[in-house]
*Asks:* 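My questions all concern the structure below.
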2 protein chains.
Amino acid sequence: MNLRLARTSCIECPIRHRAVCAECDDTELAVLEGIKSYVTVPKGGRIAEAGESLDHLSSVVSGCATVSKTLADGRRQMVGLLLPSDFIGRPGRATLSFDIEAATDVTLCRFQRRAFEAIIRSSPNVARRLLTMTLDELDVARDWQVLLGRLTARERVIHFLLSLVRREATETGAAHRSGPVRLELPLSREMIADYLGLTIETTSRQFTALRKDGLIETPTARTIVVPDLLNLMPEAMDEDGGPIA
Amino acid sequence: MNLRLARTSCIECPIRHRAVCAECDDTELAVLEGIKSYVTVPKGGRIAEAGESLDHLSSVVSGCATVSKTLADGRRQMVGLLLPSDFIGRPGRATLSFDIEAATDVTLCRFQRRAFEAIIRSSPNVARRLLTMTLDELDVARDWQVLLGRLTARERVIHFLLSLVRREATETGAAHRSGPVRLELPLSREMIADYLGLTIETTSRQFTALRKDGLIETPTARTIVVPDLLNLMPEAMDEDGGPIA
DNA sequence: CGGAAAGTTGAATGAAGTCAACGAGAGTGG
DNA sequence: CCACTCTCGTTGACTTCATTCAACTTTCCG
């Protein structure tokens, strides 16, 4: 798998049109092709640690990673969820402020920091794409702030589920706004709790409550079936109260 | 005030070296000079509303503005605090996802969207600066997520005060890590509560508690005196438990 | 001076956290 | 193949911190 990917050209890359290279022309792509390398981090592995110096920037090709901060007394809050096409690292600054860990096996497309920074300077298509992606991440972070600051436990869990549905929809291109959906959760209950700013117990109780209310089914702990999205969405308490954009 | 600013050249601009134009050379600055205009929004005024289309991008020159979201049932969460040099708007997308309001009288340096977007394309110094600023904002938003998700009411208020101290320090260049500090709060208790994801009452009680503990003095509701920062910082519960960078 | 808005304080309520026990699967090794 | 263990997830009982509802005080402006 790792080896096969190592020979994969950017043209056939599954994230070619969504990652930081999305807007590259053939020339730029060839340059990136020349400096890229693939790495696979096993589930549970550390991709980066807060404060440490990173000499590679990378894109997530497959799998799921978490961005989080742990306080001195062990309290932990997730602040980012990285899925295929998401970018890791900060051009222009070597040190990261957050921990990044592999929630599943994660394959990364890596670029040496110096080389990539040079590309950003010479290739406006990469710089522009990175700005767009960062602005999108900022919007996500701010919506997340609203969730953490003002939503109830139940609303948070519903939001989490809907955001997974939405991300999956944008990846596959399918836009279901109603009907049954099956979700494979990439995160454990503990990670979901860290995502939502709740405890494991509260998170678990909310899943149970949603199941008892018939809004979800849970064939296994990691599998969620939503019989009808339309039943879940009204409770999401988005600013307009309506379905998700 | 407004008129005087309208004649101010970028060279003398108070935010010249911190705003989106910080890295511009003289040529680029001259282009910006040509398309900029100043606007002053009175305290309480709306600068932009979620969902509406913006045809100007701007920098905050003076004053303080808030970025927030209001849910259908009135719950409100602040997700950004804009101070001098901060940028408003999103190149490449006309609609904003959040409300922006003037917490004090705010003076903006505005650029027509289309013209500014052209400059971003032609002037890498502006694009690069904007990327850096956006990445910084993302870090702020993520630290804010930690505050909202995991800190107690007392810790949140302390963090809020320390972040104001820090921002003031970076503006004036003075780096006090101990000793007395005087703060003029740009926000009402209600806005602080929206910032911290708390109610007005809880926020007020925490100020009272900090006063009773001798950590702060409150000559007026809007003025906070911190006799010694070193007493406040240990309670901030940063990841390392130590003083603020 | 008077009225509204902003801020503080108190008492009661409630949602989520804590502590603790229990149950279900997954993997290991006899 | 089954027993064993270990991790993960669920459930229950109780506690706690922040919210809610309400009254009161102070400050700000017209």
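Throughout, a chain's letter reflects where its sequence line sits, starting with A, and its residues are numbered from 1. This one's a predicted model, so the numbers in the text were calculated from it and none came from an experiment.
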*Asks:* Does Thr199(B) place a side-chain N or O at less than 4.0 Å from the phosphate oxygens OP1/OP2 of dT19(D)?
*Replies:* yes

*Asks:* Within this structure, what is the CG-CD1 distance for the pair Leu198(B) and Ile200(B), rounded to the nearest 0.5 Å?
*Replies:* 11.0 Å

*Asks:* With heavy atoms under 4.0 Å as the rule, sort Thr208(B) into base, sugar-phosphate or nothing.
*Replies:*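 Answer is sugar-phosphate: Thr208(B) comes under 4.0 Å of backbone atoms only.
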
*Asks:* Side chains of Thr208(A) and Arg211(A): does their closest heavy-atom pair fall under 4.5 Å?
*Replies:*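 Yes - at least one pair of side-chain heavy atoms lies under 4.5 Å apart.
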
*Asks:* When we call it a touch if two heavy atoms are under 4.0 Å apart, what does Thr152(A) touch: a base, just sugar-phosphate, or nothing?
*Replies:* sugar-phosphate

*Asks:* Let me know the distance between CG of Leu210(B) and P of dT9(C), rounded to the nearest Å.
*Replies:*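 In whole Å, dT9(C) P and Leu210(B) CG are 13 Å from each other.
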
*Asks:* Please tell me if Thr202(A) has a side-chain N or O lying less than 4.0 Å from either OP1 or OP2 of dA16(C).
*Replies:* no

*Asks:* Need to verify one output field. Residue with the more 5' nearest nucleotide on DNA chain D, Lys43(B) or Thr203(B)?
*Replies:*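 Looking at the nearest nucleotide for each, Thr203(B) comes out on the 5' side.
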
*Asks:* Please determine, for the side chain of Ile200(B), which listed nucleotide (dT8(C), dT11(D), dT9(C)) has the closest atom?
*Replies:* dT8(C)

*Asks:* Could you tell me whether Glu155(A) and Arg75(B) make a salt bridge, using a distance below 4.0 angstrom between a side-chain N and a carboxylate O?
*Replies:*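 Yes.
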
*Asks:* Distance check: side-chain N/O of Arg205(A) vs OP1/OP2 of dG17(C), anything under 4.0 Å?
*Replies:*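 No, no such contact exists.
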
*Asks:* Check the distance between dG7(C)'s C1' and Leu198(B)'s CG and give it to me in whole angstrom.
*Replies:* 16 Å

*Asks:* dA16(C) C1' sits how many Å from Leu147(A) CG, rounded?
*Replies:* 15 Å

*Asks:* Counting heavy atoms from C-beta on, name the nucleotide in dA18(D), dT20(D), dT11(D) closest to the side chain of Glu201(B).
*Replies:*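 Closest nucleotide to the Glu201(B) side chain: dT20(D).
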
*Asks:* Which distance, rounded to the nearest 0.5 Å, do you find between the CG of Leu83(B) and the CZ of Arg167(B)?
*Replies:*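 Leu83(B) atom CG to Arg167(B) atom CZ measures 4.0 Å (nearest 0.5 Å).
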
*Asks:* Rounded to whole angstroms, how far apart are CG on Leu187(B) and P on dA6(C)?
*Replies:* 13 Å

*Asks:* Just call it for Arg222(A): base, sugar-phosphate, or nothing, with non-hydrogen atoms closer than 4.0 Å on any strand.
*Replies:*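 Answer is sugar-phosphate: Arg222(A) comes under 4.0 Å of backbone atoms only.
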
*Asks:* Between Arg189(B) (CZ) and dC28(D) (C1'), how many Å, whole number?
*Replies:*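 Atom CZ in Arg189(B) sits about 15 Å away from atom C1' in dC28(D).
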
*Asks:* Counting neighbours of CD on Glu184(A) that are heavy atoms of other residues, nucleotides or ligands and sit closer than 6.0 Å, is the number greater than 12?
*Replies:*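 Check passes, neighbour count above 12.
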
*Asks:* Rounding to a whole Å, what distance do you find between Arg154(B):CZ and dC17(D):P?
*Replies:* 12 Å

*Asks:* In whole Å, what is the span from the CD1 atom of Ile192(A) to the P atom of dC8(D)?
*Replies:*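 Checked: the CD1 to P distance equals 13 Å.
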
*Asks:* Please work out if Arg75(A) contacts a base, only the sugar-phosphate, or nothing of the nucleic acid, heavy-atom cut-off 4.0 Å.
*Replies:* nothing

*Asks:* What is the distance from CD1 of Ile216(A) to C1' of dG9(D), rounded to the nearest Å?
*Replies:*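 Checked: the CD1 to C1' distance equals 14 Å.
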
